[in-house]
Protein chains: 2
Amino acid sequence: MATNTEKMIPYCMSRLSAAGYKATAARKIVLQALCELPGHCTSADVLNKVNQMGSDIGRASVFRILELFSKLSIIRPTYVNGSTPEYVLLPKNGHHAHIVCPKCNKVTELKICPFEPQLEQIAAQHEVQLTGHILELFGYCAACSPAG
Amino acid sequence: MATNTEKMIPYCMSRLSAAGYKATAARKIVLQALCELPGHCTSADVLNKVNQMGSDIGRASVFRILELFSKLSIIRPTYVNGSTPEYVLLPKNGHHAHIVCPKCNKVTELKICPFEPQLEQIAAQHEVQLTGHILELFGYCAACSPAG
DNA sequence: TTAGATGCAAATAGTTTGCATTTGT
DNA sequence: ACAAATGCAAACTATTTGCATCTAA
């Protein structure tokens with residue numbers, strides 16, 4: 001839903017296989033849950049969603065799957081508020097950007113990420129093969145701004 | 001140490017006061033610990049450091065202080081590996097950028113952040129008052145790269 | 001066929017809360 | 001003087017682990 005589920009699921013499942021992991025039913029369902037959940041979601045959100053979907057995948061498996069997906073940069077954990085990670089699904093291009101208000105914790109997703117050329121350069125300089133990135137901006141939203 | 005402790009501490013303490021919070025001894029010591037610890041650190045690291053420094057600030061206070069500092073964008077929690085947040089101290093200019101290897105979790109800090117002009121523009125578009133940002137790049141390091 | 005993935009339940013680690021006491025302004 | 005911050009210990013929540021069972025390749 002959020003990120004073109006129909007294409008995202010087979011794409012990610014094939015990435016699993018390509019990396020030498022099994023394309024299991026549990027992994028597919030967690031992926032589907034991630035796609036159908038809006039934007040940021042916690043492990044608990046995923047667990048609930050998966051249960052709602054009629055699957056009885058266990059807590060432990062959900063955690064293991066989220067960890068694997070993170071390792072493959074299919075998702076990435078971020079901190080917005082509270083002490084549990086919120087996962088974001090990285091689209092095929094690997095870009096994610098959002099603004100968090102440090103006062104009310106409101107999150108605004110940014111559609112675009114204008115930093116392509118610079119990223120390539122950084123990747124080359126540091127000899128890394130980029131798989132994705134997250135830009136987190138912190139700033140008071142209009143409602144919380146000290147200035148008004 | 002990492003970020004010019006001598007200037008950082010009074011600067012941050014005055015930000016506390018400016019925001020209406022008390023400039024307490026405990027907060028100053030936690031700040032000092034954060035400055036002296038290298039790069040990324042967990043709540044446990046801070047707690048240990050604080051104890052090493054001869055202070056007996058309680059666990060709960062450390063957590064409360066870290067939360068407050070996060071709210072003020074003095075530090076920000078990030079997720080690199082495991083399920084506990086790693087805090088980074090944001091320098092005065094609010095910039096932090098690093099590369100995480102999704103395989104071995106090695107973190108490379110980036111000195112520079114070349115995105116100033118675009119950030120200003122985004123801030124204006126979304127009517128937010130930026131206090132800092134973190135750019136997280138995910139990519140295989142030379143040692144872990146599938147290509148070699 | 002078999003290495004790898006899952007489910008369960010118990011163990012662990014990390015974080016939060018309530019309340020009496022202390023401290024900065 | 002008083003609101004705010006702290007320390008303690010108990011409560012809570014989230015995550016991990018071990019092991020038997022199951023499943024994709």
Side-chain angles (χ1 to χ4, degrees), chain A residues 9-10 12-33 40-51 53-72 74-75 77-87 105, chain B residues 9-10 12-33 40-51 53-72 74-75 77-87 105:
Chain A
I9 292 179
C12 291
M13 293 308 285
S14 70
R15 279 174 64 189
L16 275 181
S17 304
Y21 298 95
K22 290 184 181 173
T24 66
R27 287 171 180 166
K28 193 167 185 177
I29 289 168
V30 168
L31 198 46
Q32 198 172 337
H40 292 222
C41 55
T42 63
S43 57
D45 293 335
V46 174
L47 199 49
N48 288 340
K49 183 72 181 178
V50 155
N51 287 337
M53 289 163 74
S55 171
D56 54 354
I57 304 172
R59 229 180 303 284
S61 298
V62 168
F63 280 101
R64 285 184 282 228
I65 292 171
L66 291 175
E67 191 187 352
L68 175 62
F69 286 2
S70 297
K71 193 163 76 180
L72 296 176
I74 289 172
I75 58 176
T78 66
Y79 250 122
V80 167
N81 76 83
S83 61
T84 60
E86 297 186 9
Y87 294 91
N105 290 320
Chain B
I9 292 178
C12 292
M13 293 309 284
S14 69
R15 279 174 64 190
L16 276 181
S17 304
Y21 298 96
K22 290 183 182 174
T24 67
R27 287 171 180 165
K28 194 167 185 178
I29 289 167
V30 168
L31 199 46
Q32 198 171 339
H40 292 220
C41 56
T42 63
S43 57
D45 294 334
V46 174
L47 200 48
N48 289 339
K49 183 70 180 178
V50 155
N51 287 339
M53 291 164 74
S55 172
D56 54 355
I57 304 172
R59 228 180 304 282
S61 298
V62 168
F63 280 101
R64 285 184 284 227
I65 292 170
L66 292 175
E67 191 187 352
L68 175 62
F69 287 2
S70 297
K71 193 163 75 179
L72 297 176
I74 288 172
I75 58 177
T78 65
Y79 259 120
V80 167
N81 76 82
S83 62
T84 59
E86 296 185 8
Y87 293 91
N105 289 321

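Proteins get letters first, then strands, A, B, ... in listed order; numbering begins at 1 in each.
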**Student:** In chain order, what residues pass the side-chain contact (heavy atoms from CB on, under 4.5 Å) check against A:Pro85, with sequence neighbours excluded?
**Tutor:**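 side-chain contact (heavy atoms from CB on, under 4.5 Å) check on A:Pro85 returns A:Pro77, A:Tyr87, B:Tyr79.
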
**Student:** Under 3.5 Å for both distances, Watson-Crick or G-U wobble, that's the pair rule; now give the dot-bracket for DNA chain D, with | marking pairs to another strand and [ ] for crossing ones.
**Tutor:** |||||||||||||||||||||||||

**Student:** Starting at CG of B:Asn48 and ending at C1' of C:dA13, how long is that distance when rounded to a whole Å?
**Tutor:**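 Checked: the CG to C1' distance equals 14 Å.
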
**Student:** Got a sec, which residues hit side chain to side chain donor-acceptor pair (under 3.5 Å) with B:Thr42, two or more places apart in sequence or on another chain?
**Tutor:**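 So B:Thr42 forms a side chain to side chain donor-acceptor pair (under 3.5 Å) with B:Asp45.
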
**Student:** Taking atom CG of B:Asn48 and atom SG of B:Cys41, what is their separation to the nearest 0.5 Å?
**Tutor:**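 Atom-to-atom, B:Asn48:CG and B:Cys41:SG are 11.0 Å apart.
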
**Student:** CG/B:Leu68 to CD1/B:Ile74 distance, rounded to the nearest 0.5 angstrom?
**Tutor:**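 If we round to the nearest 0.5 Å, B:Leu68:CG and B:Ile74:CD1 are 7.0 Å apart.
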
**Student:** Can you tell me the distance, in whole Å, between the CG atom of A:Asp56 and the P atom of D:dC22?
**Tutor:**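 After rounding, the reported distance stands at 13 Å.
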
**Student:** Starting at atom CG of A:Asp45, determine the distance to atom C1' of D:dT15, rounded to an integer number of angstrom.
**Tutor:**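 Rounding to the nearest Å, CG of A:Asp45 and C1' of D:dT15 are 16 Å apart.
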
**Student:** Please report the interatomic distance CG(B:Leu72) to CZ(B:Arg15), rounded to the nearest 0.5 Å.
**Tutor:**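 Reported to 0.5 Å precision, the distance equals 6.5 Å.
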
**Student:** Considering residues, nucleotides and ligands other than A:Arg59, do more than 12 of their heavy atoms fall under 6.0 Å from its CZ?
**Tutor:**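 Atom CZ in A:Arg59 is not packed in, count stays at 12 or less.
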
**Student:** Considering only heavy atoms, which members of residues 12-30 of chain B lie under 4.0 Å from some atom of DNA chain D?
**Tutor:**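 B:Tyr21, B:Lys22, B:Thr24, B:Ala26, B:Arg27 - these, ordered by number, are the residues of the stretch whose heavy atoms sit under 4.0 Å from the strand.
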
**Student:** I need the A:His40 NE2 to A:Ile75 CD1 distance, nearest 0.5 Å.
**Tutor:**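 Interatomic distance, A:His40 NE2 to A:Ile75 CD1, rounded to 0.5 Å: 12.5 Å.
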
**Student:** Just by protein heavy atoms under 4.0 Å, how would nucleotides 14-21 of chain C read 5' to 3' in B, S and -?
**Tutor:** SBBBB---

**Student:** What's the CG-C1' distance between A:Asn51 and C:dT6, to the nearest Å?
**Tutor:**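 After rounding, the reported distance stands at 15 Å.
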
**Student:** Who pairs with A:Phe63 by ring pair (Phe, Tyr, Trp, His ring centres under 6.0 Å), at least two apart in sequence or on another chain?
**Tutor:**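 Partners of A:Phe63 by the ring pair (Phe, Tyr, Trp, His ring centres under 6.0 Å) criterion come out as none, since no residue qualifies.
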
**Student:** Going by atom type alone, with no hydrogens or angles, which donor-acceptor pairs under 3.5 Å involve a side-chain atom of residues 18-29 of chain B and a protein atom two or more places apart or on another chain?
**Tutor:**
{"from": "B:Tyr21", "atom 1": "OH", "to": "B:Lys71", "atom 2": "NZ", "distance (Å)": "3.1"}
{"from": "B:Thr24", "atom 1": "OG1", "to": "B:Arg27", "atom 2": "N", "distance (Å)": "3.3"}
{"from": "B:Arg27", "atom 1": "NH1", "to": "B:Lys22", "atom 2": "O", "distance (Å)": "2.8"}

**Student:** Atom CG of B:Leu68 to atom P of C:dG24: distance rounded to whole Å?
**Tutor:**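 Distance check: B:Leu68 CG to C:dG24 P gives 16 Å.
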
**Student:** Measure CD1/A:Ile57 against C1'/D:dT15 and give the value in whole Å, please.
**Tutor:**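 To the nearest whole Å, that distance equals 17 Å.
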
**Student:** Among residues at least two apart in sequence or on other chains, which ones pass side chain to side chain donor-acceptor pair (under 3.5 Å) with B:Gln32?
**Tutor:**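 B:Gln32 satisfies side chain to side chain donor-acceptor pair (under 3.5 Å) with no residue once adjacent residues are dropped.
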
**Student:** Got A:Glu67 and A:Ser70 here, is their nearest side-chain heavy-atom distance under 4.5 Å?
**Tutor:**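 Counting from C-beta outward, A:Glu67 and A:Ser70 never come under 4.5 Å.
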
